[in-house]
> 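Got a structure here, written out as structure tokens. Questions coming.
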Amino acid sequence: MSGAQRALVIGTSGGIGTALATELANRGAEVTGLSRSGDGLDVTDEASVVAALGRLDAGYDLVFVATGTLGEPEKALSALAPEAFLEQIRTNALGPALVLKHALPLLASDRRAVFAVLSARVGSIGDNAIGGWYSYRASKACLNQLMHTAAIEIRRTHRNALCVALHPGTVATEFTARYAGRHRTVEPDEAARNLLDVLDGLTPEQSGGFYDYSGKPVPW
Ligand SMILES: NC(=O)c1ccc[n+]([C@@H]2O[C@H](COP(=O)([O-])OP(=O)(O)OC[C@H]3O[C@@H](n4cnc5c(N)ncnc54)[C@H](OP(=O)(O)O)[C@@H]3O)[C@@H](O)[C@H]2O)c1
């Protein structure tokens with residue numbers, strides 16, 4: 001993003017959310033940050049979403065949802081637990097969709113505007129070769145479908161809007177502390193730069209897609 005633009009980041013208490021807000025400010029954007037621990041915004045609670053977003057003025061060039069949880073990833077089907085599964089769906093899929101539902105009127109309608117969420121490559125069905133992590137994988141696949149579906153609807157009324165799901169890479173945050181394993185890890189500030197560069201390069205025709213930190217489409 002270039003100067004004098006307005007950005008809203010949801011999840012500015014998190015590793016990637018903090019870095020996104022900082023990098024956007026470095027790039028000259030006017031940044032509004034909201035979080036659960038800082039502002040009481042629980043993305044799974046629609047009344048909370050309505051209250052937090054209702055206080056904001058319209059005209060955002062970017063709304064970036066950087067929230068999410070990993071829970072206790074299941075190694076085997078035997079570990080699948082209904083409440084833990086539903087909690088992942090609520091937080092990782094329903095939450096960002098509720099934010100989109102209520103943030104849509106905040107997006108600038110007279111120019112290019114972007115709604116982005118943090119998904120994860122492990123939500124890809126086509127890319128899933130090793131299994132495991134049932135709830136997290138399902139929640140991100142669900143999120144991807146919600147974003148793709150919403151992009152189709154939004155295109156009809158917001159011709160300059162983009163609605164995309166992004167894979168940030170494996171980023172060194174609390175989230176990955178226990179699970180990064182042998183993956184190459186990047187620092188949150190590098191991930192934020194990569195993700196914002198990807199968004200800068202996307203055109204409205206690419207709305208509804210799922211892209212990684214280099215801008216490459218991720219298989220569904
Ligand atoms: N780190 C990685 O390598 C990686 C890789 C792929 C995808 N991702 C995705 O990137 C996103 C952010 O990850 P991160 O590494 O930055 O994690 P993080 O440091 O653990 O931050 C998670 C953020 O989510 C917020 N959050 C969780 N549940 C919420 C709720 N119900 N309502 C509002 N906020 C909620 C937390 O808010 P509070 O702390 O204020 O409660 C915190 O701001 C997640 O969606 C994750 O799936 C991360």
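When a ligand or atom number is given, it counts from 1 through the structure's own listing order. Computed from heavy atoms alone, side chains included, the values below leave out hydrogens, waters and symmetry copies.
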> What's the spacing between L166 CG and L202 CG if we round to 0.5 Å?
7.5 Å
> Decide, yes or no, whether a salt bridge links E83 with R90 under the criterion of side-chain N to carboxylate O below 4.0 Å.
yes
> Enumerate the ring pair (Phe, Tyr, Trp, His ring centres under 6.0 Å) contacts for residues 184-220, please, sequence neighbours excluded, ordered by first and then second residue.
H148-W220, F210-W220
> Which residues pass the side-chain hydrogen bond (donor to acceptor under 3.5 Å, both in side chains) test with Q145, sequence neighbours left out?
T149
> Tell me if a side-chain donor or acceptor on T12 pairs with a main-chain N or O of L34 at a distance below 3.5 Å.
yes
> Contact residues of ligand 1 with a heavy-atom cut-off of under 4.0 Å?
G11, S13, G14, G15, I16, R36, S37, L41, D42, V43, T44, A66, T67, G68, T69, T91, L118, S119, A120, Y136, K140, P168, G169, T170, V171, T173, F175, T176
> Using atom types as modelled, flag every donor-acceptor pair under 3.5 Å from a side chain in residues 186-197 to any protein atom, sequence neighbours excluded.
| from | atom 1 | to | atom 2 | distance (Å) |
| --- | --- | --- | --- | --- |
| N194 | ND2 | E190 | O | 3.3 |
| D197 | OD1 | R27 | NH1 | 3.0 |
| D197 | OD1 | R27 | NH2 | 2.9 |

